[in-house]
Amino acid sequence: AQKVTQAQTEISVVEKEDVTLDCVYETRDTTYYLFWYKQPPSGELVFLIRRNSFDEQNEISGRYSWNFQKSTSSFNFTITASQVVDSAVYFCALRDLEYGNKLVFGAGTILRVKS
Amino acid sequence: GAVVSQHPSWVICKSGTSVKIECRSLDFQATTMFWYRQFPKQSLMLMATSNEGSKATYEQGVEKDKFLINHASLTLSTLTVTSAHPEDSSFYICSASLSGGVQETQYFGPGTRLLVL
């Protein structure tokens, strides 16, 4: 069955610290897509990244980086030099063919960045 | 690009009334739109998938007669909560994608907070 686990319910860091948000997924499909979304207090989900199962290259975008490892079924997200504006709930999500192309979300990780 | 809007952003209504929420893709045509519900401090739960011009597909446990979904055009889907009750109070979020294919990114609207008194 498809499942996304974000074991960290809440993380608090001080500004400028690096922080890694963990995501572990389960799927029987060989073709699948992984996503990260940010949900600030306003509520809107902001798309951050999409990664397909055949591309294990790590990606960096500014202060954000993602580490995709199929061997451990993980797709972790690191924020470098965190800022107060990074405070939000972050969701990891999975989409595969077996589940009819629906997004399966993890429970989310609340990130609090203190100044 | 890939902007999705929702209207209204907030709605307060009396128990027993119906509420319509609109979801629009502003700069792309969305063959598929999705409706989610999110309770406080919880994750998003998919309610239904709607494809333009056809009936919506509801997730198990979601009452299709209570949550009416219409996807009449490639840029507009509506969710109507009929005979709303306090337990229907929640944050409703829509998303849209170009084709609904597995590789497609879903872009989310800003959400609608519904409070039923």
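A, B, ... follow the sequence lines: proteins, then strands. Residue 1 opens every chain. Please read these numbers as outputs of a predicted model, since none were measured by experiment. Below, all heavy atoms of this structure are taken into account, side chains as well, without hydrogens, waters or symmetry copies.
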For A:Q39, is it the side chain, the backbone, both or neither that has a heavy atom under 4.5 Å from a heavy atom of chain B?
side chain
Does any heavy atom of chain A fall under 4.5 Å from the side chain of B:Q6, the backbone, both, or neither of them?
neither
Mind ranking A:V46, A:V89, A:L45 by heavy-atom pairs under 4.5 Å with chain B and telling me who comes out on top?
A:L45
Rounded to the nearest 0.5 Å, what separation is found between the CG atom of A:L94 and the CG atom of A:L103?
8.0 Å
Does any heavy atom of chain A fall under 4.5 Å from the side chain of B:L44, the backbone, both, or neither of them?
both
Reference residue B:F108; test ring pair (Phe, Tyr, Trp, His ring centres under 6.0 Å); the match among B:F91, B:W35, B:Y36:
B:Y36
Relative to chain A, which segment of B:Q42 carries a heavy atom at a distance below 4.5 Å: side chain, backbone, both, or neither?
backbone
Return yes if some donor-acceptor pair links the side-chain N/O of A:T109 with the main-chain N/O of A:E10 below 3.5 Å, else return no.
no
For residues B:L76 and B:E22, report the shortest heavy-atom separation together with the two atoms involved.
CD1-CB, 4.1 Å
In A:Y25, A:F47, A:F91, A:F77, the residue satisfying ring pair (Phe, Tyr, Trp, His ring centres under 6.0 Å) with A:W36 is A:F77
